[in-house]
Structure formats: C-alpha cells, structure tokens
Amino acid sequence: MKIGNLNHVAIAVPNLGAARDMYRDQFGADVSDFVPMPEQGVTTVFVSLNNTKIELLEPLGEKSPVAKFIERNPDGGIHHVCYEVDDIVEARDQLKADGARILGDGEPRVGIHGNKILFLHPKDFYGTLIELEEI
Ligand code: CMX
C-alpha cells in the first residue's frame, strides 16, 4: 500500500455550535452544517481549508465513544487523523499481515462522504487513532 493525502484532522469538542462559530467567525473559515451520524455516535461539522479539512466532532447519544474522549479531555482535543488510500481492503490486509490491529469488526463501513472507512488501533500507530478512507 501507499498512503495518500491527509483527508482531515478530527478534533473532538464539548460544544459543537461554539466550535463551529469559532472557526467561522474568528478564523473566517467555510463551515458545513451539522451532520448527525447516530451509528457512529457523533455529530460532525466540516471546516474546509485549501489543502485539507478539519472535522469537528461532538458526542451524540449516551454510548458515544467520543463522550469517553471528552471525559478524559474536557476542553476537547485532536481525536484522529484520516489518510486516503486507493484500496482500503488491500491496505487493511497488508496492515493486518504486518501485525496491526483494525478496530471494530475489521470490515470497512460507509463514512460521512459515502466512502469506505476503517479505524486502526492507536497502540499500533504511536498513540494516534488513524482513519483510512478509500478515495
Ligand atoms: N486517541 C487515542 N487513543 C484512543 C482514541 C483516540 N481518539 N480512541 C480510542 N483510543 C484507544 C482506547 O483507549 C483503547 O485503548 P486500549 O485498547 O488500551 O483500551 C483503544 O484505542 C481502542 O478503543 P476502543 O474505544 O476500545 O475501540 P472501539 O473498537 O470500541 O472503538 C473507535 C473504535 C475508535 C473508532 C470509536 O471508539 C470511535 O472513536 N468512534 C468515532 C468515530 C468517528 O470519529 N467518526 C466520525 C466520522 C468519520 C467519517 O465518516 O469520516
């Protein structure tokens, strides 16, 4: 496999409305509407930059995995980075063969942009949660 572009950096926040306002009003950035993703336990807002995106994440629902993250980081913090790959199954199989752990059931699911995504175990990647997205 060969890693592609940085698709986005995700930042978990305790108040998505306030974070969206900050990026729009203080940074002058273009921001998306709120996009709830109940199956992933998050509501997101995308901030468009010239060369990449920032994904603001707020916990959605009582079992949200991002709620645990906000408990540990009440001010918010960088939650994951997302790299693009050409073929997500090929990338997954190679990473697994190299000993890396894939989170969840290991099968790609459909992300917010309709593309296939997977998350890699942070303990195998220097403490960073990595999302792969097939572009
Ligand atoms: N940073 C560092 N470590 C993290 C982490 C983070 N953001 N999130 C979890 N971990 C650690 C956990 O502490 C755990 O460590 P141990 O094994 O030592 O206990 C390990 O990683 C596994 O975490 P988990 O929560 O037990 O794993 P799950 O399989 O239950 O969860 C995960 C998978 C990480 C994808 C889920 O918890 C999550 O964060 N979901 C949110 C997904 C998301 O951001 N979606 C946005 C939309 C994406 C899109 O469409 O583009």
Side-chain angles (χ1 to χ4, degrees):
M1 87 175 251
K2 186 173 187 329
I3 198 170
N5 288 337
L6 173 68
N7 183 275
H8 62 263
V9 175
I11 302 176
V13 300
N15 182 326
L16 191 58
R20 181 176 184 272
D21 288 351
M22 196 218 79
Y23 271 87
R24 186 191 56 204
D25 300 337
Q26 287 183 256
F27 287 159
D30 291 330
V31 298
S32 75
D33 287 334
F34 298 91
V35 182
M37 302 193 72
E39 67 289 354
Q40 296 203 39
V42 292
T43 305
T44 64
V45 164
F46 272 89
V47 179
S48 301
L49 306 179
N50 283 340
N51 61 341
T52 190
K53 297 183 283 268
I54 301 296
E55 181 186 48
L56 302 173
L57 293 176
E58 183 184 62
L60 175 63
E62 287 180 10
K63 291 188 182 153
S64 170
V66 177
K68 283 193 274 178
F69 184 92
I70 292 290
E71 266 171 41
R72 291 195 300 272
N73 306 275
D75 296 329
I78 294 178
H79 184 265
H80 66 262
V81 294
C82 176
Y83 302 127
E84 298 176 1
V85 291
D86 291 335
D87 184 330
I88 202 163
V89 170
E90 181 189 56
R92 175 200 65 188
D93 291 348
Q94 188 184 323
L95 292 166
K96 270 172 79 174
D98 291 343
R101 287 165 285 180
I102 314 298
L103 291 175
D105 65 5
E107 292 305 316
R109 51 190 167 148
V110 176
I112 196 166
H113 300 113
N115 300 324
K116 291 180 197 163
I117 62 169
L118 276 177
F119 285 89
L120 309 180
H121 200 299
K123 297 268 155 57
D124 297 332
F125 297 94
Y126 302 100
T128 303
L129 179 61
I130 293 178
E131 178 184 355
L132 297 181
E133 181 166 349
E134 185 173 280
I135 300 289

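Ligands are counted one by one from 1 in listed order, and the atoms in each one are counted from 1 as well.
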Worksheet entry | Nearest option to atom 20 (C) of ligand 1, as decided by whichever heavy atom of His121, Lys53, Lys123 sits closest |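 The residue whose heavy atom sits nearest atom 20 (C) of ligand 1 is His121.
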Worksheet item: Where the closest heavy atom to atom 46 (C) of ligand 1 is concerned, which of Glu133, His79, Gln40, His113 has it?
Response: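 When every heavy atom of Glu133, His79, Gln40, His113 is considered, Gln40 comes closest to atom 46 (C) of ligand 1.
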Specify whether the nearest protein heavy atom to [atom] is under 4.0 angstrom away.
{"atom": "atom 24 (P) of ligand 1", "value": "no"}
{"atom": "atom 18 (O) of ligand 1", "value": "yes"}
{"atom": "atom 13 (O) of ligand 1", "value": "no"}
{"atom": "atom 4 (C) of ligand 1", "value": "yes"}
{"atom": "atom 34 (C) of ligand 1", "value": "yes"}

Worksheet item: Do we see a donor-acceptor contact under 3.5 Å between the side chains of Glu55 and His79?
Response: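 Distance-only check fails for Glu55 and His79.
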Taking [Y]'s backbone N and O only, do any of them form a donor-acceptor pair with [X]'s side chain (distance below 3.5 Å, no angle check)?
{"X": "Glu58", "Y": "Leu16", "value": "yes"}
{"X": "Thr44", "Y": "Leu56", "value": "no"}
{"X": "Ser64", "Y": "Val66", "value": "yes"}
{"X": "Glu84", "Y": "Gly4", "value": "no"}

Discussion item. Return the closest protein heavy atom for atom 49 (C) of ligand 1 as residue, atom name and distance.
Written reply: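 Closest protein heavy atom to atom 49 (C) of ligand 1: Glu131 OE2, 3.4 Å.
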Practice prompt. Note the single closest protein heavy atom to atom 37 (O) of ligand 1, along with its residue, its atom name and the distance in Å.
Written response: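 The closest one turns out to be Pro65 CB, 3.0 Å.
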Worksheet item: At a 4.0 Å cut-off, with the gap strictly under it, does some heavy atom of Ala10 reach an atom of ligand 1?
Response: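 Ala10: no contact with ligand 1 (<4.0 Å).
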Worksheet entry | 4.0 Å heavy-atom contact, His8 with ligand 1 |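 Distance cut 4.0 Å: His8 passes for ligand 1.
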Practice prompt. Keeping to residues at least two apart or across chains, list the salt bridge (charged side-chain N to carboxylate O under 4.0 Å, His left out) pairs with something in residues 4-26.
Written response: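 Only Arg20-Asp33, Asp21-Arg24 qualify under salt bridge (charged side-chain N to carboxylate O under 4.0 Å, His left out).
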Discussion item. Please list, in number order, the atoms of ligand 1 under 4.0 Å from a heavy atom of Gly104.
Written reply: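 Atoms satisfying the 4.0 Å criterion: 29 (O).
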Worksheet item: Which residue pairs satisfy the side chain to side chain donor-acceptor pair (under 3.5 Å) criterion with at least one member in residues 98-114, sequence neighbours excluded?
Response: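 Side chain to side chain donor-acceptor pair (under 3.5 Å) check on residues 98-114 returns Arg92-Glu107, Arg101-Asp124.
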Practice prompt. State yes or no: do Phe34 and Val31 share one hydrophobic cluster built from I, L, V, M, F, W and Y residues joined by side-chain heavy-atom distances below 4.5 Å, directly or via other members?
Written response: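 Shared cluster, yes.
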